[in-house]
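Scroll down for the structure; my scribbles are underneath it.
Lettering of chains follows the sequences in order, A, B, ..., and the numbering in each one begins at 1. Side chains included, hydrogens not; waters and symmetry mates left out as well; all remaining heavy atoms used.
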Amino acid sequence: MAQAPVNIKPPKFQETPPMPLGDDPENADPMAKEAIALETKSLRVFYGSHLTLDSISMKVAARRITAIIGPSGCGKSTLLRCFNRMNELLQGASIKGEVLFMGEDLYARDVDPTEVRYRIGMVFQKPNPFPKSIYDNVAFGPRINGYKGNLDELVEKSLRRAALWEEVKDRLKKSALELSGGQQQRLCIARALAVAPEVILMDEPASALDPLATLKIEDLMQELAKDYTIVIVTHNMQQAARVSDYTAFLTTEGGGAPGKLVEFGPKDVIFTNPRDQRTQDYITGRFG
Amino acid sequence: MTRVGFDHDLKHLQDELLELGSMVEKAVIRAVDSLKRRDLTLARTVVDEDKLINAKRFAIEETCLKLLATQQPMAQDLRIIVAVLHTTVDLERMGDHAEGIARVSIRIGDDPLIKPLIDIPRMMELAVSMLRRALDSFIHRDTAAATRVCNDDDEIDNLNDQIYRELLTYMLQDPRKITQATYLTWVAHNLERIADRSTNIAEQAVFVVTGKREEIGSSKY
């Protein structure tokens with residue numbers, strides 16, 4: 001895999017076509033006209049000998065928002081972590097099957113997981129800024145990477161992209177911990193953007209935020225999706241319905257059974273006319 | 001099974017829709033009866049009671065809005081509520097058509113009918129049957145029954161043609177009959193509209209089940 005370029009520049013994808021909903025979403029393959037950023041093929045994930053995700057085959061369209069929904073314990077976050085090899089940081093985790101990033105095997109022997117995590121950034125449920133200044137939080141990644149360009153510009157660009165600049169431009173040297181929860185989360189997004197990722201994974205990015213801060217994050221996601229591929233795990237179905245282009249529904253039969261992909265499709269189909277009864281039961285709130 | 005309260009609300013909403021349907025059905029039957037039996041009191045009752053139909057429509061719409069705002073319905077739940085919204089408008093308009101027939105009855109007043117009514121009551125019976133079966137198919141999620149309702153619309157259209165041709169003959173034969181004959185064509189037209197709106201309801205029944213919006217059969221009017 002090529003060295004991660006450390007500058008803010010949209011990744012080189014083809015011109016994004018309009019959402020290919022087609023005349024009949026039932027017959028059209030919605031992914032056929034999409035550039036594919038990530039893909040799993042028969043992915044299985046184990047913690048020790050315990051199978052937690054089984055036979056996941058799905059595609060993540062480039063510069064779209066893909067939401068992963070499903071009940072607690074179905075493996076949503078596990079799947080998300082497979083996309084940037086975060087699971088490897090957990091003791092005993094292993095995978096079988098394939099995860100492709102831009103068509104290349106993400107788990108190939110010669111791929112450096114650290115570099116993967118630069119190109120595929122992650123934002124977590126609870127905002128986790130470093131106990132440093134706002135500026136240093138954003139500059140952290142590029143500095144480690146030996147960024148040679150104008151760091152001030154990069155910090156400003158990243159904060160602007162994360163829709164935070166106007167709120168913090170006069171106090172960049174103040175501690176990031178003084179920001180509100182919503183601002184901290186946008187700072188974490190700015191920090192992820194500063195290392196020029198191509199994909200941003202978000203694990204329940206708004207679940208610790210108030211409704212207004214949540215909507216700001218959602219607006220930001222829509223804006224970022226013009227240049228970045230976004231995968232979001234959310235418990236909030238309305239959020240998935242509002243922001244995603246594609247939605248994947250995972251579930252488990254419970255009792256430690258592995259999570260499986262039940263249905264994947266354009267969100268309009270998933271939320272108005274899902275094909276699988278289990279999806280219908282889950283999104284209408286009649287699950288379990 | 002969770003969402004017991006919401007399920008109850010959804011069922012109640014559809015019960016209310018059925019209630020509105022039977023009010024409309026009664027209005028249509030009474031309107032044609034008032035014409036056939038020259039019962040002006042009954043005709044005035046139909047006109048007066050249209051207010052109740054309108055009020056019921058608004059109450060159902062209000063419930064739909066409340067459920068949309070508070071329950072964030074998805075998938076089939078969402079389709080049911082949207083279909084109820086459409087159907088309640090159709091039913092209310094059918095009530096207006098019944099009122100139109102009753103008003104014709106009042107206009108004719110004490111004049112004797114130019115001919116005994118045979119095809120108009122037949123048309124009414126078929127239209128009412130379509131309405132009833134369309135609502136049944138909606139409640140029972142029965143797409144086959146809904147399709148049959150739509151296919152019956154051809155028969156209504158044929159009856160409408162037949163009535164029109166017959167009344168035209170009366171008008172040609174005796175110009176003094178033109179006024180009442182014209183009124184009677186209005187009645188047939190109202191019944192044709194009622195049947196056509198029943199097919200709309202049947203199409204909503206299909207939409208609730210399949211999520212597809214489609215015109216099943218097509219009226220020539």
| task | Compare all side-chain heavy atoms of A/T284 with those of B/Q76 and state whether any distance is below 4.5 angstrom. | result | no
| Within a radius of less than 6.0 Å around CD of B/E62, do more than 12 heavy atoms belonging to other residues, nucleotides or ligands occur? | no
| query | Considering residues, nucleotides and ligands other than B/Q162, do more than 12 of their heavy atoms fall under 6.0 Å from its CD? | reply | yes
| field | Exercise: identify the closest heavy-atom pair between B/T210 and A/N273 | value | O-ND2, 2.7 Å
| remark: On a heavy-atom basis, the closest approach of B/M74 and A/I283 is CG-O, 3.4 Å
| query | Tell me, which pairs form a ring-ring contact (aromatic ring centres under 6.0 Å, His included) where one or both residues lie in residues 133-165 of chain B, sequence neighbours left out? | reply | none
| field | Exceeds 12 heavy-atom contacts within 6.0 angstrom, atom NE2 of B/H12 | value | no
